[in-house]
S.K.: 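Sharing a structure here in structure tokens format.
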2 protein chains.
Amino acid sequence: MSSYKDKKVISIGTVHELTGLSERKIRYYEERGLLFPERTKRGTRKYSFSDVELLMKIADKREEGVQTKEIKEEVRNENKKQMRNDMLRGQINAHFNMRK
Amino acid sequence: MSSYKDKKVISIGTVHELTGLSERKIRYYEERGLLFPERTKRGTRKYSFSDVELLMKIADKREEGVQTKEIKEEVRNENKKQMRNDMLRGQINAHFNMRK
DNA sequence: CGTGTAAGGAATTCTGACACG
DNA sequence: CGTGTAAGGAATTCTGACACG
């Protein structure tokens, strides 16, 4: 269901190219808790395609003048919804003993 | 049909971590024409998840003792098959005027 | 609050070459 | 042929800070 899209493998320079956002902005949104890239052993940030998509949404919100704090809440709510769906799906699958 | 899987965004260090192959090997297989990463403006190589999968297949073949030249042919043949399928699908879709 | 920038260091990547075989 | 390694340079990324507002 996820795999490639959620695998954190993209470095910040490439994320910059993909989104058009400055590295400063990208790091700042992380600092504000809007997204959570992984770190390699040497400490460089790695992003997923999902992160890239999220950053583009964030950019849209920012253009509308929405503050990072509010965006953070929206993101959190979307994740909650998503998790509810995932759990529901999990229960359904368990109930019918469905596979893959 | 492709999108994320074929997007070239992964740098060689990360490919090394994902595949376990040395950077030397990864560059060498490119030199032999087994795969074709893209280059950023500054010249660093960027790989896709498809490239990563291909590299793991290559590693298997190499362990079996298959030479790069032969692997290159096998890869080429698989791509041909794939293209035939894609074209066939394209014609079918065109015939029925299907979308997406 | 959100973002730009200069600063210095550490880690990454690149190429061409020598080595062994 | 396939792969390791040392070499030097160029580009990347990181953090903490100052700036403006």
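First the proteins, then the strands, lettered A, B, ... as listed; each starts at 1.
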S.K.: What is the distance from CD1 of Ile10(B) to P of dT12(C), rounded to the nearest Å?
M.R.: 17 Å
S.K.: Rounded to the nearest Å, what distance is computed from the CD atom of residue Glu64(A) to the C1' atom of nucleotide dG2(C)?
M.R.: 17 Å
S.K.: Does dA10(D) have a Watson-Crick or wobble mate here (both distances under 3.5 Å), and if so which one?
M.R.: dT12(C)
S.K.: Going by purine N1 to pyrimidine N3 plus the second Watson-Crick contact, or the G-U wobble pair, all under 3.5 Å, which nucleotide sits opposite dT5(C)?
M.R.: dA17(D)
S.K.: What is the separation between atom CD1 on Ile58(B) and atom P on dG2(D), rounded to the nearest whole Å?
M.R.: 12 Å
S.K.: Say you draw a straight line from NZ of Lys81(B) to CD of Glu78(B); how long is it, rounded to the nearest 0.5 Å?
M.R.: 6.5 Å
S.K.: Do the non-hydrogen side-chain atoms of Phe49(B) and Phe49(A) ever get within less than 4.5 Å of each other?
M.R.: yes
S.K.: Got Gln67(B) and Ile71(B) here, is their nearest side-chain heavy-atom distance under 4.5 Å?
M.R.: no
S.K.: Report the distance from atom CD of Glu30(A) to atom C1' of dG2(C), rounded to the nearest whole Å.
M.R.: 16 Å
S.K.: Hey, does Leu54(A) have a side-chain heavy atom less than 4.5 Å from the side chain of Tyr29(A)?
M.R.: no
S.K.: Please pick, from dT3(D), dT15(D), dT13(C), the nucleotide with the shortest atom-to-atom distance to any side-chain atom of Arg27(B).
M.R.: dT13(C)
S.K.: OP1, OP2 of dG4(D) versus side-chain N and O of Tyr28(B): anything below 4.0 Å?
M.R.: no
S.K.: For DNA chain D, find the residues of residues 11-23 of chain A with a heavy-atom distance under 4.0 Å and give them by number; none if there aren't any.
M.R.: Ser11(A), Ile12(A), Gly13(A), Glu23(A)
S.K.: Decide whether Thr14(A) and Lys46(B) meet the rule of one side-chain donor and one side-chain acceptor closer than 3.5 Å.
M.R.: yes
S.K.: Hey, mind stepping through Gln82(B) and Asp86(B) against side-chain hydrogen bond (donor to acceptor under 3.5 Å, both in side chains) and telling me if it holds?
M.R.: CA-CA 6 Å; Gln82(B) 191 55 51; Asp86(B) 291 349; 3.2 Å; yes
S.K.: Report yes if the side chains of Lys57(B) and Glu74(B) come closer than 4.5 Å at any heavy-atom pair, otherwise no.
M.R.: no
S.K.: Taking C-beta and beyond as the side chain, do Tyr28(A) and Thr68(A) meet within less than 4.5 Å on heavy atoms?
M.R.: yes
S.K.: If you measure only the distance, is there a donor-acceptor pair under 3.5 Å linking the side chains of Ser50(B) and Asp6(B)?
M.R.: yes
S.K.: Compare every heavy atom of Val15(A) with every heavy atom of Val52(A), then report the nearest pair and how far apart it is.
M.R.: CG2-CG2, 4.3 Å
S.K.: Let's see if you get this right: which residues in residues 31-51 of chain B place a heavy atom under 4.0 Å from DNA chain D?
M.R.: Arg32(B), Arg42(B)
S.K.: Are Lys25(A) and Glu31(A) within salt-bridge range, i.e. N to O under 4.0 Å?
M.R.: no
S.K.: Nearest whole angstrom, please: distance from the C1' of dC14(D) to the NZ of Lys25(A).
M.R.: 20 Å
S.K.: Between the protein and nucleotides 17-19 of chain C, are there any N/O to N/O pairs under 3.5 Å, and if so, what are the atom names and distances?
M.R.:
none

